[in-house]
Amino acid sequence: MASTNDKQRMMHLNLFLFGCGHHKGAWRHPDSSVERLGDIRYYEQLAQTAERGKLDAVFFADGQSAGNVSDGSWWFLEPLTAMAAMSRATDSIGLISTVSSTFYTPFHAARMMASLDHISGGRMGWNVVTSMFDVEARNHNYESMPVHADRYRRADEFVDAVLKLWDSWQSDALSFDRFGHYADPEKVQPIHHKGEFFLVDGPLNVPRPPQGHPVLFQAGASEQGRELAARRAEAIYAVAYDLPAAQDYYRDIKRRVAAAGRGVDVPIMPGLVTYVAATEAEAKAKQRELDELLPVEASLRQLGLYTEQDCMNWELDAPVPGLPSLEAFTGPKGRYSTILRIIETEQPTVRQLLGRLAAGGGHCTMVGTPEQIADKMELWFRNEGADGFNLMPPSLPAGIEDFVDQVVPELQKRGLFRTEYQSDTLRGHLGLAKPK
(Lines give C-alpha, C1' and ligand atoms only; values in the text may rest on other atoms or scores of the structure.)
Protein backbone atom coordinates (compact mmCIF):
# COMPACT_ATOMS: atom_id res chain seq x y z
CA MET A 1 0.00 0.00 0.00
CA ALA A 2 1.43 3.42 -0.97
CA SER A 3 1.86 5.91 1.84
CA THR A 4 0.56 9.48 1.61
CA ASN A 5 4.14 10.60 1.25
CA ASP A 6 4.54 8.28 -1.75
CA LYS A 7 1.45 9.77 -3.37
CA GLN A 8 2.86 13.29 -3.12
CA ARG A 9 6.24 12.24 -4.47
CA MET A 10 6.59 12.71 -8.22
CA MET A 11 8.89 10.90 -10.60
CA HIS A 12 11.67 12.84 -12.33
CA LEU A 13 12.11 12.17 -16.04
CA ASN A 14 14.94 13.34 -18.32
CA LEU A 15 15.37 12.74 -22.03
CA PHE A 16 18.93 11.65 -22.83
CA LEU A 17 19.61 12.97 -26.37
CA PHE A 18 21.93 10.84 -28.47
CA GLY A 19 22.12 11.06 -32.26
CA CYS A 20 19.38 8.97 -33.94
CA GLY A 21 18.74 7.12 -30.68
CA HIS A 22 20.62 4.91 -28.24
CA HIS A 23 20.41 1.71 -30.29
CA LYS A 24 23.64 1.14 -32.18
CA GLY A 25 21.71 0.28 -35.36
CA ALA A 26 19.13 3.12 -35.14
CA TRP A 27 20.86 5.37 -37.68
CA ARG A 28 20.63 2.60 -40.31
CA HIS A 29 16.83 2.44 -40.14
CA PRO A 30 15.16 3.76 -43.32
CA ASP A 31 13.09 6.21 -41.21
CA SER A 32 16.02 7.46 -39.10
CA SER A 33 16.94 11.14 -38.74
CA VAL A 34 20.58 10.57 -39.67
CA GLU A 35 20.59 13.32 -42.31
CA ARG A 36 19.38 15.83 -39.69
CA LEU A 37 22.09 15.36 -37.04
CA GLY A 38 23.66 18.72 -37.93
CA ASP A 39 20.29 20.52 -38.07
CA ILE A 40 19.59 22.44 -34.86
CA ARG A 41 15.85 22.24 -35.57
CA TYR A 42 16.04 18.47 -34.98
CA TYR A 43 17.26 19.03 -31.40
CA GLU A 44 14.84 21.91 -30.85
CA GLN A 45 11.96 19.62 -31.87
CA LEU A 46 13.17 16.85 -29.53
CA ALA A 47 13.30 19.36 -26.67
CA GLN A 48 9.81 20.62 -27.57
CA THR A 49 8.46 17.03 -27.54
CA ALA A 50 10.03 16.45 -24.12
CA GLU A 51 8.56 19.75 -22.89
CA ARG A 52 5.11 18.72 -24.18
CA GLY A 53 5.49 15.65 -21.94
CA LYS A 54 6.39 17.95 -18.97
CA LEU A 55 9.78 16.22 -18.56
CA ASP A 56 12.24 17.75 -16.10
CA ALA A 57 15.05 18.16 -18.62
CA VAL A 58 16.86 17.12 -21.76
CA PHE A 59 20.43 15.92 -21.34
CA PHE A 60 23.40 15.83 -23.73
CA ALA A 61 26.38 13.58 -23.07
CA ASP A 62 29.64 14.56 -24.73
CA GLY A 63 32.90 13.02 -25.88
CA GLN A 64 36.22 14.36 -27.05
CA SER A 65 37.06 12.05 -29.96
CA ALA A 66 35.36 11.16 -33.23
CA GLY A 67 35.14 7.41 -32.65
CA ASN A 68 34.98 5.07 -35.62
CA VAL A 69 33.11 7.12 -38.22
CA SER A 70 31.85 4.00 -40.05
CA ASP A 71 29.83 2.96 -37.00
CA GLY A 72 27.48 5.97 -36.96
CA SER A 73 27.78 9.37 -35.38
CA TRP A 74 28.26 9.60 -31.64
CA TRP A 75 28.67 13.37 -31.74
CA PHE A 76 27.84 16.17 -34.15
CA LEU A 77 27.00 19.55 -32.61
CA GLU A 78 28.87 20.66 -29.49
CA PRO A 79 26.26 20.42 -26.69
CA LEU A 80 26.56 23.82 -25.01
CA THR A 81 26.33 25.58 -28.37
CA ALA A 82 23.24 23.52 -29.26
CA MET A 83 21.63 24.25 -25.89
CA ALA A 84 21.84 27.99 -26.44
CA ALA A 85 19.53 27.52 -29.44
CA MET A 86 17.33 24.90 -27.71
CA SER A 87 16.76 27.24 -24.77
CA ARG A 88 15.25 29.80 -27.18
CA ALA A 89 12.91 27.16 -28.68
CA THR A 90 11.51 26.11 -25.26
CA ASP A 91 10.08 27.79 -22.15
CA SER A 92 10.31 25.55 -19.10
CA ILE A 93 12.28 22.35 -19.66
CA GLY A 94 15.73 21.99 -18.07
CA LEU A 95 18.88 21.72 -20.21
CA ILE A 96 21.75 19.58 -18.92
CA SER A 97 25.14 19.16 -20.56
CA THR A 98 28.20 17.10 -19.81
CA VAL A 99 31.33 19.21 -19.35
CA SER A 100 34.57 17.35 -18.76
CA SER A 101 36.62 18.24 -15.68
CA THR A 102 39.59 16.48 -17.32
CA PHE A 103 39.91 18.79 -20.33
CA TYR A 104 38.18 22.10 -19.54
CA THR A 105 39.34 24.73 -17.07
CA PRO A 106 37.07 25.83 -14.20
CA PHE A 107 36.85 29.42 -15.47
CA HIS A 108 35.88 28.33 -18.98
CA ALA A 109 33.21 25.89 -17.70
CA ALA A 110 31.82 28.32 -15.10
CA ARG A 111 31.55 31.12 -17.65
CA MET A 112 29.77 29.04 -20.33
CA MET A 113 27.28 27.51 -17.94
CA ALA A 114 26.57 30.78 -16.15
CA SER A 115 25.93 32.40 -19.54
CA LEU A 116 23.54 29.60 -20.51
CA ASP A 117 21.74 29.82 -17.17
CA HIS A 118 21.12 33.52 -17.96
CA ILE A 119 20.11 32.81 -21.58
CA SER A 120 17.66 30.06 -20.51
CA GLY A 121 16.25 31.92 -17.50
CA GLY A 122 17.60 29.44 -14.95
CA ARG A 123 17.29 26.06 -16.65
CA MET A 124 20.90 24.77 -16.89
CA GLY A 125 22.41 21.68 -15.32
CA TRP A 126 26.00 20.44 -15.45
CA ASN A 127 26.82 16.74 -15.64
CA VAL A 128 30.26 16.62 -14.04
CA VAL A 129 32.43 13.92 -15.61
CA THR A 130 36.00 12.78 -15.71
CA SER A 131 36.84 11.75 -19.27
CA MET A 132 37.92 8.15 -19.73
CA PHE A 133 39.70 7.26 -22.97
CA ASP A 134 43.25 7.74 -24.23
CA VAL A 135 41.95 8.66 -27.70
CA GLU A 136 40.28 11.68 -26.05
CA ALA A 137 43.41 12.52 -24.03
CA ARG A 138 45.49 12.71 -27.20
CA ASN A 139 43.21 15.44 -28.55
CA HIS A 140 43.99 17.52 -25.46
CA ASN A 141 47.75 17.55 -25.11
CA TYR A 142 48.04 14.35 -23.01
CA GLU A 143 49.96 11.24 -24.10
CA SER A 144 47.40 9.13 -22.23
CA MET A 145 44.61 9.60 -19.72
CA PRO A 146 45.72 10.61 -16.19
CA VAL A 147 45.25 7.77 -13.68
CA HIS A 148 41.78 7.26 -12.18
CA ALA A 149 42.55 8.66 -8.71
CA ASP A 150 44.18 11.80 -10.17
CA ARG A 151 41.18 12.40 -12.45
CA TYR A 152 38.82 12.31 -9.47
CA ARG A 153 40.98 14.60 -7.32
CA ARG A 154 41.09 17.01 -10.25
CA ALA A 155 37.29 16.75 -10.67
CA ASP A 156 36.72 17.52 -6.99
CA GLU A 157 38.93 20.60 -7.15
CA PHE A 158 37.37 21.60 -10.49
CA VAL A 159 33.87 21.61 -8.97
CA ASP A 160 35.14 23.55 -5.95
CA ALA A 161 36.64 26.28 -8.17
CA VAL A 162 33.52 26.50 -10.40
CA LEU A 163 31.22 26.90 -7.38
CA LYS A 164 33.48 29.63 -5.98
CA LEU A 165 33.37 31.42 -9.33
CA TRP A 166 29.55 31.30 -9.42
CA ASP A 167 29.56 32.63 -5.85
CA SER A 168 32.04 35.42 -6.68
CA TRP A 169 29.09 37.70 -7.49
CA GLN A 170 26.43 38.18 -4.83
CA SER A 171 22.92 37.95 -6.24
CA ASP A 172 22.26 41.68 -5.61
CA ALA A 173 25.67 42.89 -6.84
CA LEU A 174 24.32 44.63 -9.97
CA SER A 175 23.19 48.16 -9.11
CA PHE A 176 23.11 49.83 -12.58
CA ASP A 177 23.59 53.22 -10.89
CA ARG A 178 24.24 55.47 -13.88
CA PHE A 179 25.82 58.08 -11.58
CA GLY A 180 27.80 55.55 -9.54
CA HIS A 181 28.53 51.85 -9.81
CA TYR A 182 27.42 49.35 -12.46
CA ALA A 183 27.93 46.74 -9.73
CA ASP A 184 28.76 47.11 -6.05
CA PRO A 185 32.51 46.32 -5.85
CA GLU A 186 32.02 45.01 -2.30
CA LYS A 187 29.70 42.33 -3.70
CA VAL A 188 32.03 41.08 -6.46
CA GLN A 189 35.08 39.40 -5.00
CA PRO A 190 38.09 37.41 -6.29
CA ILE A 191 38.25 33.78 -5.19
CA HIS A 192 42.06 33.34 -5.06
CA HIS A 193 41.82 29.60 -5.63
CA LYS A 194 45.18 27.86 -5.53
CA GLY A 195 45.08 24.06 -5.47
CA GLU A 196 46.89 20.98 -6.74
CA PHE A 197 45.57 21.38 -10.30
CA PHE A 198 44.24 24.93 -10.74
CA LEU A 199 45.14 28.54 -10.11
CA VAL A 200 42.05 30.74 -10.47
CA ASP A 201 41.95 34.32 -9.19
CA GLY A 202 38.40 35.26 -10.24
CA PRO A 203 35.95 36.81 -9.96
CA LEU A 204 33.92 35.40 -12.86
CA ASN A 205 33.15 37.87 -15.65
CA VAL A 206 29.46 36.80 -15.67
CA PRO A 207 27.16 37.91 -12.81
CA ARG A 208 25.65 35.24 -10.56
CA PRO A 209 23.49 32.73 -12.49
CA PRO A 210 19.69 32.94 -11.98
CA GLN A 211 19.70 29.56 -10.17
CA GLY A 212 22.68 30.60 -8.04
CA HIS A 213 24.43 27.49 -9.33
CA PRO A 214 23.32 25.48 -12.38
CA VAL A 215 22.28 22.06 -11.02
CA LEU A 216 25.18 19.63 -10.51
CA PHE A 217 24.57 16.15 -11.93
CA GLN A 218 26.98 13.26 -11.55
CA ALA A 219 27.12 9.62 -12.60
CA GLY A 220 29.72 7.96 -10.41
CA ALA A 221 29.86 4.16 -10.15
CA SER A 222 33.43 3.62 -8.87
CA GLU A 223 34.30 4.20 -5.22
CA GLN A 224 35.74 7.66 -6.00
CA GLY A 225 32.76 8.42 -8.25
CA ARG A 226 30.29 7.53 -5.50
CA GLU A 227 32.19 9.63 -2.97
CA LEU A 228 32.23 12.63 -5.32
CA ALA A 229 28.51 12.15 -6.04
CA ALA A 230 27.69 11.95 -2.33
CA ARG A 231 29.57 15.14 -1.51
CA ARG A 232 28.81 17.25 -4.58
CA ALA A 233 25.94 16.01 -6.75
CA GLU A 234 22.46 17.51 -6.54
CA ALA A 235 21.05 14.81 -8.85
CA ILE A 236 22.55 11.53 -10.02
CA TYR A 237 22.44 9.44 -13.19
CA ALA A 238 22.86 5.72 -12.57
CA VAL A 239 23.39 2.51 -14.53
CA ALA A 240 21.15 -0.31 -13.27
CA TYR A 241 20.41 -3.48 -15.19
CA ASP A 242 17.66 -4.69 -12.81
CA LEU A 243 15.86 -3.67 -9.62
CA PRO A 244 18.29 -5.38 -7.16
CA ALA A 245 21.25 -3.57 -8.79
CA ALA A 246 19.28 -0.31 -8.71
CA GLN A 247 18.41 -0.77 -5.03
CA ASP A 248 22.03 -1.51 -4.06
CA TYR A 249 23.22 1.69 -5.72
CA TYR A 250 20.27 3.80 -4.51
CA ARG A 251 20.67 2.79 -0.86
CA ASP A 252 24.44 3.19 -0.95
CA ILE A 253 24.29 6.71 -2.40
CA LYS A 254 21.49 7.87 -0.06
CA ARG A 255 23.53 6.55 2.89
CA ARG A 256 26.66 8.36 1.69
CA VAL A 257 24.77 11.64 1.14
CA ALA A 258 23.39 11.43 4.69
CA ALA A 259 26.86 10.58 6.06
CA ALA A 260 28.25 13.67 4.30
CA GLY A 261 25.83 15.71 6.46
CA ARG A 262 24.26 17.51 3.52
CA GLY A 263 20.62 17.26 4.59
CA VAL A 264 19.34 17.19 1.00
CA ASP A 265 17.40 14.58 -0.94
CA VAL A 266 19.46 13.90 -4.06
CA PRO A 267 17.27 12.42 -6.83
CA ILE A 268 18.70 9.25 -8.43
CA MET A 269 17.75 8.53 -12.05
CA PRO A 270 18.85 5.25 -13.65
CA GLY A 271 18.99 5.06 -17.45
CA LEU A 272 15.92 3.46 -19.04
CA VAL A 273 15.51 2.09 -22.57
CA THR A 274 11.86 1.59 -23.59
CA TYR A 275 10.16 -0.03 -26.57
CA VAL A 276 6.48 0.96 -26.34
CA ALA A 277 3.52 -0.21 -28.41
CA ALA A 278 -0.18 -1.04 -28.07
CA THR A 279 0.66 -4.73 -27.62
CA GLU A 280 3.68 -6.53 -26.21
CA ALA A 281 4.13 -8.37 -29.54
CA GLU A 282 4.34 -5.04 -31.42
CA ALA A 283 6.85 -3.68 -28.89
CA LYS A 284 9.02 -6.79 -29.29
CA ALA A 285 8.80 -6.42 -33.08
CA LYS A 286 10.14 -2.85 -32.76
CA GLN A 287 13.07 -4.15 -30.71
CA ARG A 288 13.76 -6.98 -33.16
CA GLU A 289 13.63 -4.59 -36.14
CA LEU A 290 16.42 -2.48 -34.63
CA ASP A 291 18.46 -5.49 -33.46
CA GLU A 292 18.48 -6.84 -37.02
CA LEU A 293 20.13 -3.60 -38.18
CA LEU A 294 22.99 -4.10 -35.74
CA PRO A 295 26.41 -4.08 -37.48
CA VAL A 296 28.37 -6.91 -35.84
CA GLU A 297 31.85 -5.42 -36.33
CA ALA A 298 30.82 -2.07 -34.82
CA SER A 299 29.17 -3.87 -31.91
CA LEU A 300 32.28 -5.93 -31.18
CA ARG A 301 34.34 -2.72 -31.26
CA GLN A 302 31.94 -1.13 -28.76
CA LEU A 303 32.13 -4.22 -26.52
CA GLY A 304 35.92 -3.96 -26.69
CA LEU A 305 35.68 -0.35 -25.52
CA TYR A 306 33.45 -1.31 -22.58
CA THR A 307 35.56 -4.33 -21.52
CA GLU A 308 39.10 -3.24 -22.51
CA GLN A 309 39.44 -6.56 -24.41
CA ASP A 310 40.10 -7.29 -28.08
CA CYS A 311 36.73 -8.86 -28.99
CA MET A 312 37.05 -8.81 -32.77
CA ASN A 313 37.74 -12.57 -33.09
CA TRP A 314 35.26 -13.76 -30.48
CA GLU A 315 32.98 -16.61 -31.66
CA LEU A 316 29.52 -15.03 -32.03
CA ASP A 317 27.44 -18.07 -31.09
CA ALA A 318 29.68 -19.27 -28.27
CA PRO A 319 29.50 -18.20 -24.59
CA VAL A 320 31.23 -14.93 -23.68
CA PRO A 321 34.94 -15.59 -22.85
CA GLY A 322 36.07 -15.04 -19.25
CA LEU A 323 36.51 -11.38 -18.28
CA PRO A 324 38.62 -9.75 -15.54
CA SER A 325 36.95 -9.25 -12.16
CA LEU A 326 35.46 -5.84 -11.35
CA GLU A 327 38.31 -5.22 -8.88
CA ALA A 328 40.96 -5.91 -11.54
CA PHE A 329 39.25 -3.73 -14.16
CA THR A 330 40.87 -0.31 -14.67
CA GLY A 331 38.27 1.33 -16.96
CA PRO A 332 34.84 2.86 -16.15
CA LYS A 333 33.34 0.45 -13.62
CA GLY A 334 29.60 1.23 -13.83
CA ARG A 335 28.95 -0.21 -17.26
CA TYR A 336 31.52 -2.98 -16.78
CA SER A 337 29.80 -4.23 -13.62
CA THR A 338 26.50 -4.24 -15.56
CA ILE A 339 28.05 -6.37 -18.32
CA LEU A 340 29.35 -8.84 -15.71
CA ARG A 341 25.86 -8.97 -14.18
CA ILE A 342 24.17 -9.64 -17.55
CA ILE A 343 26.66 -12.45 -18.27
CA GLU A 344 26.17 -13.97 -14.81
CA THR A 345 22.34 -13.70 -14.91
CA GLU A 346 21.55 -14.52 -18.54
CA GLN A 347 24.62 -16.55 -19.64
CA PRO A 348 24.28 -15.16 -23.17
CA THR A 349 26.25 -16.01 -26.28
CA VAL A 350 28.43 -13.20 -27.62
CA ARG A 351 25.73 -12.41 -30.22
CA GLN A 352 23.01 -12.22 -27.55
CA LEU A 353 25.18 -9.96 -25.39
CA LEU A 354 25.70 -7.60 -28.34
CA GLY A 355 21.94 -7.30 -28.82
CA ARG A 356 21.47 -6.67 -25.09
CA LEU A 357 24.07 -3.88 -25.14
CA ALA A 358 22.96 -2.41 -28.48
CA ALA A 359 20.54 0.07 -26.91
CA GLY A 360 22.02 1.92 -23.99
CA GLY A 361 24.92 -0.39 -23.15
CA GLY A 362 23.25 -2.48 -20.44
CA HIS A 363 20.86 0.01 -18.87
CA CYS A 364 17.47 -1.34 -17.83
CA THR A 365 15.35 -2.20 -20.89
CA MET A 366 11.54 -2.37 -20.72
CA VAL A 367 9.56 -3.74 -23.66
CA GLY A 368 5.75 -3.70 -23.69
CA THR A 369 2.52 -1.74 -23.51
CA PRO A 370 2.27 1.67 -21.79
CA GLU A 371 0.63 -0.05 -18.80
CA GLN A 372 3.35 -2.72 -18.52
CA ILE A 373 6.12 -0.12 -18.68
CA ALA A 374 4.38 2.16 -16.16
CA ASP A 375 3.97 -0.88 -13.84
CA LYS A 376 7.71 -1.57 -13.89
CA MET A 377 8.67 2.09 -13.50
CA GLU A 378 6.30 2.36 -10.54
CA LEU A 379 7.80 -0.78 -8.98
CA TRP A 380 11.29 0.76 -9.10
CA PHE A 381 10.01 4.14 -7.90
CA ARG A 382 8.12 2.71 -4.92
CA ASN A 383 10.88 0.30 -3.85
CA GLU A 384 14.08 2.35 -3.49
CA GLY A 385 15.22 1.69 -7.03
CA ALA A 386 14.79 5.16 -8.53
CA ASP A 387 13.48 8.67 -7.95
CA GLY A 388 12.89 8.84 -11.68
CA PHE A 389 14.58 7.84 -14.93
CA ASN A 390 16.98 9.12 -17.57
CA LEU A 391 15.10 8.07 -20.72
CA MET A 392 17.29 6.56 -23.45
CA PRO A 393 14.98 6.01 -26.45
CA PRO A 394 16.42 3.36 -28.79
CA SER A 395 15.40 5.51 -31.76
CA LEU A 396 14.77 9.24 -32.05
CA PRO A 397 12.45 11.03 -32.52
CA ALA A 398 10.00 8.06 -32.58
CA GLY A 399 11.10 6.65 -29.20
CA ILE A 400 10.43 9.83 -27.23
CA GLU A 401 7.19 10.54 -29.12
CA ASP A 402 5.96 7.04 -28.19
CA PHE A 403 6.91 7.60 -24.55
CA VAL A 404 5.37 11.08 -24.27
CA ASP A 405 2.15 10.10 -26.06
CA GLN A 406 1.65 6.69 -24.42
CA VAL A 407 3.58 6.23 -21.16
CA VAL A 408 3.44 9.78 -19.71
CA PRO A 409 -0.41 9.86 -19.66
CA GLU A 410 -0.39 6.49 -17.87
CA LEU A 411 2.06 7.81 -15.23
CA GLN A 412 -0.04 10.98 -14.85
CA LYS A 413 -3.22 8.91 -14.42
CA ARG A 414 -1.51 7.10 -11.52
CA GLY A 415 -0.46 10.37 -9.88
CA LEU A 416 3.21 9.56 -10.42
CA PHE A 417 4.11 12.42 -12.75
CA ARG A 418 3.20 16.09 -13.09
CA THR A 419 0.47 17.24 -15.48
CA GLU A 420 1.82 20.82 -15.57
CA TYR A 421 5.11 22.50 -14.69
CA GLN A 422 5.07 24.09 -11.25
CA SER A 423 8.29 26.01 -11.95
CA ASP A 424 10.29 27.56 -14.77
CA THR A 425 13.72 26.55 -13.44
CA LEU A 426 15.49 23.19 -13.36
CA ARG A 427 16.00 23.56 -9.60
CA GLY A 428 12.26 24.04 -9.24
CA HIS A 429 11.46 20.91 -11.28
CA LEU A 430 13.83 18.83 -9.13
CA GLY A 431 12.66 20.32 -5.82
CA LEU A 432 16.12 21.73 -5.07
CA ALA A 433 16.76 24.90 -3.09
CA LYS A 434 18.73 27.80 -4.58
CA PRO A 435 22.18 27.95 -2.93
CA LYS A 436 22.74 30.96 -0.70
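By convention here, the first residue in the shown sequence is residue 1. Keep in mind the model is a prediction, meaning the values are calculated, not measured.
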- Stepwise side chain to side chain donor-acceptor pair (under 3.5 Å) test for H23 and D291: CA-CA 8 Å; H23 193 289; D291 282 350; 2.8 Å; yes
- Query: How would you list, by chain and number, every residue that makes a ring-ring contact (aromatic ring centres under 6.0 Å, His included) with H118, sequence neighbours excluded?
  - Reply: none
- Message: For G122, is there any backbone N or O sitting under 3.5 Å from a side-chain donor or acceptor partner on R427?
- Response: no
- Item | Check: L430 and F217 side chains under 4.5 Å, non-hydrogen atoms | yes
- Note on the structure: Shortest non-hydrogen pair, P207 vs W169, comes out as CA-CD2, 3.5 Å
- Is there side-chain contact between H363 and T338, with heavy atoms separated by less than 4.5 Å? no
- Find out whether D387 and M269 are in side-chain contact, i.e. whether some heavy atom of one side chain is under 4.5 Å from a heavy atom of the other. no
- Task: Output, in order, the C-alpha distance, side-chain angles, deciding distance and verdict of side-chain contact (heavy atoms from CB on, under 4.5 Å) for I96 and V215.
- Result: CA-CA 8 Å; I96 303 159; V215 179; over 6 Å; no
- Message: D265: which residues meet the side chain to side chain donor-acceptor pair (under 3.5 Å) condition with it, sequence neighbours left out?
- Response: K254
- Query: Judged by atom type as modelled, is there a donor-acceptor pair below 3.5 Å linking the side chain of K286 to the main-chain atoms of V276?
  - Reply: yes
- Task: Report yes if some heavy atom in the side chain of E420 is under 4.5 Å from a heavy atom in the side chain of K54; otherwise report no.
- Result: yes
- Of all residues at least two apart in sequence or in a different chain, which pass the ring-ring contact (aromatic ring centres under 6.0 Å, His included) check with F16? H22, F59
- Item | Closest contact, heavy atoms only, L353 versus I339 | CD2-CG2, 4.5 Å
- Under the ring-ring contact (aromatic ring centres under 6.0 Å, His included) test, residues paired with Y306 that sit two or more places apart: none
- Message: With heavy-atom distances below 4.5 Å as the criterion, would you say the side chains of D160 and L163 are in contact?
- Response: no
- Counting only heavy atoms not in D172, do more than 12 sit closer than 6.0 Å to its CG atom? yes
- Message: Heavy-atom count check: over 12 atoms from other residues, nucleotides or ligands less than 6.0 Å from E196 CD?
- Response: yes
- Message: Is it the case that over 12 heavy atoms from other parts of the model lie below 6.0 angstrom from the NE2 atom of H140?
- Response: yes
- May I ask you to decide if A89's main-chain N or O and Q48's side chain share a donor-acceptor pair within less than 3.5 Å? yes
- Taking 4.0 angstrom as the limit, do R256 and E223 come out as a salt bridge? yes
- Item | For T90, side chain to side chain donor-acceptor pair (under 3.5 Å) partners two or more places apart | R123
- Item | W126/F158 under ring-ring contact (aromatic ring centres under 6.0 Å, His included): CA gap, chis, key distance, verdict | CA-CA 12 Å; W126 168 26; F158 192 106; 5.8 Å; yes
- Qualifying residues under side chain to side chain donor-acceptor pair (under 3.5 Å), relative to R151, sequence neighbours excluded: none
- Query: Any donor-acceptor pair under 3.5 Å linking the side chain of T345 with the backbone of R341?
  - Reply: yes
- Message: More than 12 heavy atoms of other residues, nucleotides or ligands under 6.0 Å from CZ of R41: yes or no?
- Response: no
- Atom of I93, atom of A57 and distance for their closest heavy-atom approach: CG1-CA, 3.6 Å
- Query: If only atom types and distance count, is the side chain of E78 paired as donor or acceptor with the main-chain N or O of L80 below 3.5 Å?
  - Reply: yes
- Minimal heavy-atom distance between T102 and S131, with the atoms involved, is OG1-N, 2.9 Å
- Where the side chain of S120 meets the backbone of S87, is there a donor-acceptor pair that is under 3.5 Å apart? no
- Kindly assign one of parallel, tilted or perpendicular to the pair Y43 and F60, based on the angle between their ring planes and the thresholds 30° and 60°. tilted
- Query: Do E157 side-chain atoms and F197 backbone N/O form a donor-acceptor pair below 3.5 Å?
  - Reply: yes
- Message: Would F18 and M392 count as a side-chain contact (heavy atoms from CB on, under 4.5 Å) here? Give the steps.
- Response: CA-CA 8 Å; F18 195 69; M392 303 170 66; over 6 Å; no
- Message: Regarding R153 and D150, does a basic nitrogen lie under 4.0 Å from an acidic carboxylate oxygen?
- Response: yes
- Message: Keeping D201 on the side-chain end and H192 on the backbone end, is there a donor-acceptor pair under 3.5 Å?
- Response: no
- Above 12 or not: heavy atoms from other molecules or residues under 6.0 Å from CZ of R88? no
- Item | Smallest separation among heavy atoms of A246 and G385, with atom names | CB-O, 3.5 Å
- Message: Under a plain distance cut-off of 3.5 Å, with no hydrogens placed, do D91 and Y421 share a side-chain donor-acceptor pair?
- Response: no
- Query: Is any side-chain heavy atom of P214 less than 4.5 Å from a side-chain heavy atom of W166?
  - Reply: yes
- Without swapping roles, check the side chain of R154 against the backbone of S101 for a donor-acceptor pair under 3.5 Å. yes
- Query: Tell me, do W380 and M366 make a side-chain contact under 4.5 Å, heavy atoms counted?
  - Reply: yes
- Message: With a 6.0 Å cut-off (strictly less than), is the heavy-atom count around CD of E297, excluding the residue itself, greater than 12?
- Response: no
- Backbone N/O of S92 and side chain of H429: donor-acceptor pair under 3.5 Å: yes
- Item | salt_bridge(K376, D242) N-O dist < 4.0 Å | no
- Item | Minimal non-hydrogen separation, A84 against I119, with atom names | O-CG2, 4.3 Å
- Heavy-atom side-chain contact between V320 and W314 under 4.5 Å: yes
